[in-house]
*Asks:* 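To start, I am sharing the structure in question, which I have written as structure tokens.
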Amino acid sequence: MSGAHEPAGAVSGAHEPAGAARAVVAVVGPTATGKSDLGLELALRLGGEVVNADAMQLYRGMDVGTAKLRPHERRGVPHHQLDVLDVGEDASVAAYQRHARTDLADLAARGARAVVVGGSGLYLRALLDHMEFQPVDEQVRAELEREAAERGPGLLHDELARLDPVAAARIDRANTRRVVRALEVVRITGRPYSASLPEHVYEVPAVQIGLDCARPVLDERIERRVARMWDEGLVAEVAVLAGRMGRTARRAVGYAEVLRMLDGELDEDAARAAVTVGTRRLARRQMGWFGRDPRVHWLDAADPDLVDRALELVAAADAGRLAEPTYVRRTLGS
RNA sequence: GGCCAGAUAGCUCAGUUGGUAGAGCGUUCGACUGAAAAUCGAAAGGUCCGCGGUUCGAACCCGCGUCUGGCCA
């Protein structure tokens, strides 16, 4: 964590040493809004490199369905945290946090600007904000999952209420996934879990640029994106990976539905419709996640001068004259 | 033309001796600390095809009409 930006007034000749206190640039927002392209362009203009913050683009081989920029499309800009996981592995935010922060440190040391690009809210927060994850114990977790399956999630929630009332109050009874994790932490650390997310405290100073898009337009883009994925061979891609996909990868939008199709559960039209619906739902949730963060500076994804606007924001941030809580509530939903 | 089966939320459909309606999905809003493109919560939304009739009371029973699907001509 480096210090705050210098009050910029004084600097005219005084170049700061490479890598000092230049905020990381983060391009966030819902899927299908052009994050990858903008990120690439910014990296090019700023002499930077891209750090992926998209949980599913971590996976090797999941290219078409995650709309991953292919190597030949990257215009020579190095990309980090792409293709670092086998589809059989579970992703892990904590591991991501470690690795991506190492990337950030490396880039800073080389004086290269980091451009973080991604739509996974939790991953972005883990990378940029102050967040510490508790340890994990697969065996304890498996045990808890079995209990949940056998005795129902309600009883586990009761247990959590006894051991950690604060966490229990925050986690919904039916949310097995989170109840299990909370109990897992309590069991292995002997301390309460009681986690909550609302603080927005940068561990890594950043300018977050959000891509905003009116819903009708976004829905149309999503429709087109799904059509393109089909044309580019999503079904074949999934077929190749199908046997090896672990529980994280196989739940990704586009993959889950095609897997059901390959199992004969859905016909092709139904699968494709389900992918569209799923992508739309994903986009809505992403809007919620980022729209709530008061630090995001929103730009219209359709703005012809998008890149220049984004560069202005970066320049303002570098100069220390970016109004801190520029909370421009997204216009989504018009 | 005749016979049969349907018509209930944006969509697919439940609705059990007649007591003015529900689910799943979608939509909107929300939560989120090692699976997060996950997991979960809440809300909005209905002239029960139309018109008559029977009844204290009809989504439900009866008649007519309209539309849809199927079968027979």
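Fair warning: this is a prediction, and the values are worked out from it, not measured in the lab. So you know, we letter chains A, B, ... as the sequences are listed, proteins then strands, and number each from 1.
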*Asks:* To the nearest Å, how far apart are Leu259(A) CG and A37(B) C1'?
*Replies:*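 Distance, rounded to whole Å: 14 Å.
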*Asks:* Can you check whether Arg284(A) has a side-chain N or O nearer than 4.0 Å to OP1 or OP2 of U28(B)?
*Replies:*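 Affirmative; the distance criterion is met.
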*Asks:* Between Asp164(A) and Arg191(A), does any NZ, NE, NH1 or NH2 come within less than 4.0 Å of an OD or OE carboxylate oxygen?
*Replies:*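 Result for this pair is no, no salt bridge flagged.
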*Asks:* Under a 3.5 Å limit for both distances, which nucleotide forms a Watson-Crick or G-U wobble pair with C48(B), could you say?
*Replies:*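 Pairing partner: none.
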*Asks:* In terms of the nearest nucleotide of RNA chain B, which residue is placed more toward the 5' end: Ala252(A) or Ser194(A)?
*Replies:*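 Nearer the 5' end of the strand: Ser194(A).
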*Asks:* Using a cut-off of strictly less than 4.0 Å, decide whether Arg281(A) has a side-chain nitrogen or oxygen near OP1 or OP2 of C25(B).
*Replies:*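 False: Arg281(A) side-chain N/O out of range (4.0 Å or more) of C25(B) OP1/OP2.
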*Asks:* Checking contacts here: which listed nucleotide (A37(B), A31(B), U33(B)) is nearest the side-chain heavy atoms of Asn175(A)?
*Replies:*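 That would be A31(B).
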*Asks:* Look at all strands and tell whether Arg285(A) reaches a base, only sugar-phosphate, or nothing, counting heavy atoms closer than 4.0 Å.
*Replies:*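 If one applies the 4.0 Å heavy-atom cut-off, Arg285(A) turns out to touch a base.
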*Asks:* Has the side chain of Glu145(A) got a donor or acceptor that lies under 3.5 Å from a partner of the other kind on the base of A35(B)?
*Replies:*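 Between A35(B) and Glu145(A), which were checked side chain against base, a qualifying N/O pair under 3.5 Å is present.
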*Asks:* Under 4.0 Å between a side-chain N/O of Ser92(A) and OP1 or OP2 of A35(B), yes or no?
*Replies:*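 No, no such contact exists.
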*Asks:* CG of Leu122(A) versus C1' of A35(B): gap in Å, rounded?
*Replies:*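 So the two atoms are 10 Å apart, to the nearest Å.
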*Asks:* Which value, in whole Å, describes the distance between the C1' atoms of nucleotides G57(B) and G19(B)?
*Replies:*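 After rounding to an integer number of Å, I get 7 Å for this pair.
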*Asks:* Between U33(B), G34(B), C40(B), which nucleotide gets closest to the side-chain atoms of Val136(A)?
*Replies:*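 The closest nucleotide is G34(B).
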*Asks:* Nearest-Å distance, CZ (Arg125(A)) to C1' (G34(B))?
*Replies:*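 Going from Arg125(A) (CZ) to G34(B) (C1'), I get 16 Å.
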*Asks:* Base, sugar-phosphate alone, or nothing: which one does Gln97(A) contact when heavy atoms must sit under 4.0 Å apart?
*Replies:*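 Answer is nothing: Gln97(A) stays at 4.0 Å or more from every strand.
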*Asks:* What distance, rounded to whole Å, do you find between the two P atoms, one in A58(B) and one in C13(B)?
*Replies:*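 It comes out at 28 Å once rounded to the nearest Å.
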*Asks:* Expressed as a whole number of angstroms, how long is the span from Asp219(A):CG to G26(B):P?
*Replies:*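 Going from CG in Asp219(A) over to P in G26(B) covers 13 Å.
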*Asks:* Please work out if Val277(A) contacts a base, only the sugar-phosphate, or nothing of the nucleic acid, heavy-atom cut-off 4.0 Å.
*Replies:*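 Answer is sugar-phosphate: Val277(A) comes under 4.0 Å of backbone atoms only.
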*Asks:* Are the charged groups of Glu257(A) and Arg260(A) less than 4.0 angstrom apart, N to O?
*Replies:*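 Not counted as a salt bridge, because no side-chain N and carboxylate O are separated by less than 4.0 Å.
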*Asks:* When both hydrogen-bonding distances must be under 3.5 Å and the geometry is Watson-Crick or G-U wobble, what is C60(B) paired with, if anything?
*Replies:*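 Its partner: none found.
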*Asks:* Is it the case that the base of A37(B) and the side chain of Arg251(A) share a donor-acceptor contact (distance under 3.5 Å, atom types as modelled)?
*Replies:*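 No, the side chain and the base share no sub-3.5 Å donor-acceptor pair.
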*Asks:* Under a 4.0 Å N-O cut-off, is there an ion pair linking Arg224(A) with Glu220(A)?
*Replies:*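 Answer for the salt bridge query: yes.
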*Asks:* I want to check one thing: is the phosphate of U27(B), taken as OP1 and OP2, less than 4.0 Å away from some side-chain N or O of Arg280(A)?
*Replies:*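 Checking Arg280(A) against U27(B): at least one side-chain N or O falls below 4.0 Å of OP1 or OP2.
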*Asks:* For A31(B), which nucleotide in any strand shown is its Watson-Crick or wobble partner with both distances under 3.5 Å?
*Replies:*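 Per the H-bond distance test, U39(B).
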*Asks:* With sugar-phosphate meaning primed atoms plus P, OP1 and OP2, does Gly65(A) contact a base, only sugar-phosphate, or nothing at under 4.0 Å between heavy atoms?
*Replies:*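 Result for Gly65(A) = base.
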*Asks:* Rounded to whole angstrom units, what separation is found between the CG atom of Leu183(A) and the P atom of U33(B)?
*Replies:*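 The answer, rounded to whole Å, is 13 Å.
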*Asks:* Provide the distance between the two C1' atoms, one in G24(B) and one in G70(B), to the nearest whole Å.
*Replies:*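 Per the computed distance, 27 Å lies between those C1' atoms.
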*Asks:* When both hydrogen-bonding distances must be under 3.5 Å and the geometry is Watson-Crick or G-U wobble, what is C13(B) paired with, if anything?
*Replies:*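 When the pairing criteria are applied, G22(B) turns out to be the nucleotide that pairs with C13(B).
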*Asks:* Choosing from G34(B), C32(B), A37(B), which nucleotide comes nearest the side chain of Gln57(A)?
*Replies:*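 Among G34(B), C32(B), A37(B), the one nearest the side chain of Gln57(A) is A37(B).
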*Asks:* Across the strands shown, which category fits Thr66(A) at heavy-atom distances under 4.0 angstrom: base, sugar-phosphate, nothing?
*Replies:*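 If one applies the 4.0 Å heavy-atom cut-off, Thr66(A) turns out to touch a base.
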*Asks:* C60(B) and A21(B): how far apart are their C1' atoms, nearest whole angstrom?
*Replies:*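 Per the computed distance, 12 Å lies between those C1' atoms.
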*Asks:* In the structure shown, which nucleotide is the Watson-Crick or G-U wobble counterpart of A7(B), with both distances under 3.5 Å?
*Replies:*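 The answer is U66(B), by the H-bond criterion.
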*Asks:* Are the charged groups of Asp318(A) and Arg113(A) less than 4.0 angstrom apart, N to O?
*Replies:*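 Yes, Asp318(A) and Arg113(A) are salt-bridged.
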*Asks:* Please give, in whole Å, the distance from U39(B) P to His157(A) NE2?
*Replies:*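 Interatomic distance, NE2 of His157(A) to P of U39(B): 18 Å.
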*Asks:* Measuring from Arg225(A):CZ to Thr279(A):OG1, what's the distance to the nearest 0.5 Å?
*Replies:*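 The distance works out to 8.0 Å.
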*Asks:* Taking atom P in both G46(B) and C11(B), compute the distance separating them and give it to the nearest angstrom.
*Replies:*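 Result for the P pair: 13 Å, nearest Å.
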*Asks:* May I ask you to say what Tyr193(A) touches in the nucleic acid, namely base, sugar-phosphate or nothing, with a heavy-atom cut-off under 4.0 Å?
*Replies:*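 The residue Tyr193(A) makes sugar-phosphate contact but no base contact.
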*Asks:* Rounded to whole Å, how long is the line connecting atom CG of Asp172(A) with atom C1' of C40(B)?
*Replies:*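 Taking CG of Asp172(A) and C1' of C40(B), I get 6 Å after rounding.
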*Asks:* Quick check: any donor-acceptor pair below 3.5 Å linking the side-chain of Asp54(A) to the base of A37(B)?
*Replies:*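 A donor-acceptor contact between them is present.
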*Asks:* How far apart are the C-alpha atoms of Arg181(A) and Glu184(A), what are their side-chain angles, what is the distance that settles it, and do they pass the salt bridge (Lys or Arg N to Asp or Glu O under 4.0 Å) test?
*Replies:* CA-CA 5 Å; Arg181(A) 162 98 270 243; Glu184(A) 175 192 355; 3.3 Å; yes
*Asks:* Please report the distance, rounded to the nearest Å, between CD in Gln286(A) and C1' in A31(B).
*Replies:*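 So the CD-C1' distance, Gln286(A) to A31(B), works out to 16 Å.
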*Asks:* Counting side-chain heavy atoms from C-beta on, which of C32(B), A37(B), C40(B) comes nearest to Ala174(A)?
*Replies:*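 Of the options given, the side chain of Ala174(A) lies nearest C40(B).
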*Asks:* Out of Arg74(A), Arg110(A), Arg75(A), which residue meets the salt bridge (charged side-chain N to carboxylate O under 4.0 Å, His left out) rule with Glu49(A)?
*Replies:*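 So the option named by the test is Arg110(A).
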*Asks:* Looking at Asp63(A) and Lys68(A), is any side-chain nitrogen of the basic one under 4.0 Å from a carboxylate oxygen of the acidic one?
*Replies:*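 Salt bridge present between Lys68(A) and Asp63(A).
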*Asks:* If you measure from the P atom in G18(B) to the same atom in C62(B), how many Å do you get, rounded?
*Replies:*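 One P to the other, the span is 11 Å.
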*Asks:* Searching all strands shown, indicate the nucleotide that pairs with C71(B) (Watson-Crick or G-U wobble; both distances under 3.5 Å).
*Replies:*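 Checking every strand shown, C71(B) finds its partner in G2(B), with both distances under 3.5 Å.
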*Asks:* NA contact type, Arg141(A), heavy-atom cut-off 4.0 Å: base, sugar-phosphate, or nothing?
*Replies:*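 Base contact.
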*Asks:* In whole angstrom, give me the gap between the P atoms of G26(B) and U12(B).
*Replies:*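 Pairwise P distance, G26(B) against U12(B), rounds to 15 Å.
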